[in-house]
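Indexing begins at 1, ligand by ligand and atom by atom, following the structure's order. Keep in mind that what you see is a predicted model, and the values were worked out from it rather than measured. In this chain, residues are counted from 1 in sequence order.
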Amino acid sequence: MNSTPTIRKTAEDLRVTPNFSDYEGERHRFSWAAAAAELGEEEGRINIASKAVDRHVAAGFADKPALRFLARHTSRQTLTYGQLAAQTNQFCNVLRSLGVAKGDRVFILTGRIPELYIALLGSLKFGAVVSPLFSAFGPEPIITRVNLGGATVLVTTDALFERKVGPWRARMPTLKHVLLVGEDGAPTCGPGNLDLPQLLSGASDSFDLPTTGPEDPALLHFTSGTTGTPKGAVHVHGAAVTHWVTGRYALDLHPEDSYWCTADPGWVTGTSYGIIAPLLHGVTSVVDREEFDAERWYSILRDESVSVWYTAPTAIRMLMRAGADVAAKYAFPHLRFIASVGEPLNPEAVCWGKDVLGLPIHDNWWQTETGGIMIANTPAFDIKPGSMGRPLPGVDAAIIQRTGDGGVNIVDEPGKQGELALRRGWPSMFRTYLNEDARYRKCFVGDWYLTGDLARRDADGYYWFVGRADDVIKSAGHLIGPFEVESALMEHPAVAEAGVIGKPDPVLGETIKAFISLNKGFEPDEALRMELLGHARKRLGAAVAPKEIAFVAHLPHTRSGKIMRRLLKARELGLAEGDTSTLEGAE
Ligand code: AMP
C-alpha cells in the first residue's frame, strides 16, 4: 500500500497559487466557528441560497455569469448572479402565493434545466426543505421518496409528469401542488397542475428573506441502506460552511474559475458541488443537460474553458475506454484541477489523467450523510494514486473497530483495516434520517459517526478504501439499495423471492444482478427473463434496474429468514463462502 509511487505536482500543473499549501499548519489553525464567521454567518442566521447568490449581488457581481446551461438542441443559456437572485425571489413569491410554509417540503424532478436550479435555490431561500430527485428514476422510487418526505410541492416537467407521476398521483396524497415546466414550449397542464414559468413571470422579484438559522433543515437527500426503505438524510443551512470550505481546500476554487461538476443534482454531489459550493465561491459553473458522450465532454472542457473539473470514476473509465486518440483531438489549456468522487478511483485512472489530460486526478471521499467532502487529495500534498487522500482541515477521521459491548476501539496501527469513522461536529453532518431517529442514532458511537465503509490508513495519514461494510451497491457512482430493487421485482406475479447483488464491472464499478426464485406455474425461460428485466426497468428506471437476472430454485437464507446476499455474491464470483453457520439448514 505504501509502496505506490506518489505523483508530484509541478508548478505547471498548478498554474495558480493554490488555496493552501501547508496541510498540517492549516489543520492546526482551522476552526469551523471562524469559517462560519468568514462566510458571514451572524447572530445565528445563515441561509444557503442567500450566501450562494445574493451575497455576490450585494458585492457588485450581479452581471457575473453564475450558471451556463448547455443542451444539444437549444442554444447556450446563461444566468447571471443578478438574474438568479431575481428569479429565486420570484420562486419564493410563488411558494408564498400557494400558501407554502417554512419547513414544508418541495421536491424537484427535472433534468438539468434552469428551473431546477431556480426552484432549488428559491426553496432554500424561502426556508422550505428541498429534495431534488434523479429524473431517471422510474415511478416506484419517486412515489416512495415523495411519500417518505411528505412532499407538498413537486416541480417537474410536463413530459416527466405524464410518464412518471400522473398515473400514480393518487398514491402521493401529501402532494398539494404540481408546478410544471414545458419540455417543449408552454406546459400542458392537466387539472390541478400549474404552469411554473407563467407563475414566475407574474411574481415579484423582490422577497424579504425569512430568517433561517444554521440548524434549520434545508435539504433532504435520499440514500440507500441494506434493508428497509431509502433513508432521508436531513441537512441544515449551516452546511453551507462545509460546502464553502471544502470548495476551497478540495476543489481549489478561485473566483475566476470556469467549473464543471458532471454529477446530477438528484445525487448529493450534484447539489453540494454542482450547485452550492461553486456559487458560494462566486465562480461560473457549466451545466450540461445531456448524458455522457466522450466527444461532447471533451468539447465542453475545451469550449467552456473549464479550469476545475469534478467528475466520477465511471466517467473517467468511459473516457479511457473511448481511447487517447479521441482526447488527442482536443486541447485543454485552461484546465488546471481535476477531482473525482463516488467510487474507488483506480491508480491507472489517476495516471491516465496525467498522461492524457496533462493533470493527475484528485480522488476524494464523502457520502450523502456527510453532506460534503471529508477526505481528499488536495493541492497541498502529493497524490498517492489509489488513495482517497487525507482528512480536510476541520475533519477528524479514524479507523475503528467495534467492540462486543457496543463501543469502539480506535486502530492506531497503520495499514490495519477497520471501519472509517468521523468525529462529529462538521457543519454539513446530517442531522437525522427523516422519521427514523433510532436508525440515525445507531450510526454514532460516542463522538464518532460510523460511515459503513471499510478502509485503512497508512503511516502518512492517507486513507485507502477497502469496501462497504454492508450490501449496498455502487453502480456508475449511484448508491442502490438491494431491498428497493428486490421489492420491485417481487411485485411481479411470477417472482416468489429475489436477492440482489452488485457484480464487479470494469467500467461501472458494479452492475446489478438479481437472483430470482419463481412461483409455482411459471417457467424459468428466456421470455420470462426479458419480461422481468422490462418490468424492473419500467418500475425502477434504467439506473436502478438489474442488468442481469438468474433463475434459481431457492435463495440461501439465514435461520432468521433473511436472504444471504453475501453468499449469493461469493458463489457468483467463485469466492470462499465464509461463515455460513447462520445459513438455514446448516448443521
Ligand atoms: P453516496 O452517499 O451515494 O454519495 O455514496 C457514498 C459512498 O460511495 C461511500 O460511503 C463509499 O462507499 C463510496 N465512495 C464515495 N467516494 C469514494 C471514493 N473516493 N472511493 C471509494 N468509495 C467512495
Near G342, which atoms of ligand 1 are under 4.0 Å from a heavy atom of that residue?
8 (O), 13 (C), 14 (N), 15 (C), 16 (N), 17 (C), 23 (C)
Stacked cation flag R565 on F483, 6.0 angstrom / 45 deg
no
Would R248 pass as a cation-pi partner of W244, given that its NZ or CZ must be under 6.0 Å from the six-membered ring centre and within 45 degrees of the axis?
yes
Of all the atoms in ligand 1, which lie at a distance below 4.0 Å from a heavy atom belonging to N364?
16 (N), 18 (C), 19 (N)
Using the six-membered ring wherever Trp is involved, compare the ring planes of Y23 and F381 and label them parallel, tilted or perpendicular (cut-offs 30° and 60°).
perpendicular
Suppose we measure from atom 18 (C) of ligand 1 to each protein heavy atom; which comes out shortest, and what is that distance?
E343 O, 3.4 Å
Any nitrogen or oxygen of Q367 lying under 3.5 Å from a nitrogen or oxygen in ligand 1? Just yes or no.
yes
Using a cut-off of 6.0 Å, state whether more than 12 heavy atoms not belonging to R296 lie near its atom CZ.
yes
Looking only at distances, can you tell me whether any N or O atom of T451, backbone or side chain, sits closer than 3.5 Å to an N or O atom of ligand 1?
no
Part of T269 within contact of ligand 1 (heavy atoms, under 4.0 Å):
neither
Quick one: does R468 get an N or O within less than 3.5 Å of an N or O on ligand 1?
yes
Students should be able to answer this: which protein heavy-atom is nearest to atom 3 (O) of ligand 1, and at what distance?
L479 CB, 3.4 Å
R431 bridged to E215 by N-O distance under 4.0 Å
yes
Winner among V466, D453, L420 once heavy atoms are compared against atom 9 (C) of ligand 1
D453
N or O pair under 3.5 Å between M388 and ligand 1
no
side-chain hydrogen bond (donor to acceptor under 3.5 Å, both in side chains) with S258: which residues, sequence neighbours excluded?
none
Relative to each other, are the rings of W309 and W260 parallel, tilted or perpendicular (30° and 60° limits)?
parallel
Tell me whether ligand 1 is touched by W267 - counting only heavy atoms on the residue side and a distance under 4.0 Å.
no
For Y310, check ring-ring contact (aromatic ring centres under 6.0 Å, His included) against everything at least two apart and list the hits.
Y273
Which atoms of ligand 1 sit under 4.0 Å from any heavy atom of T368?
1 (P), 2 (O), 3 (O), 4 (O)
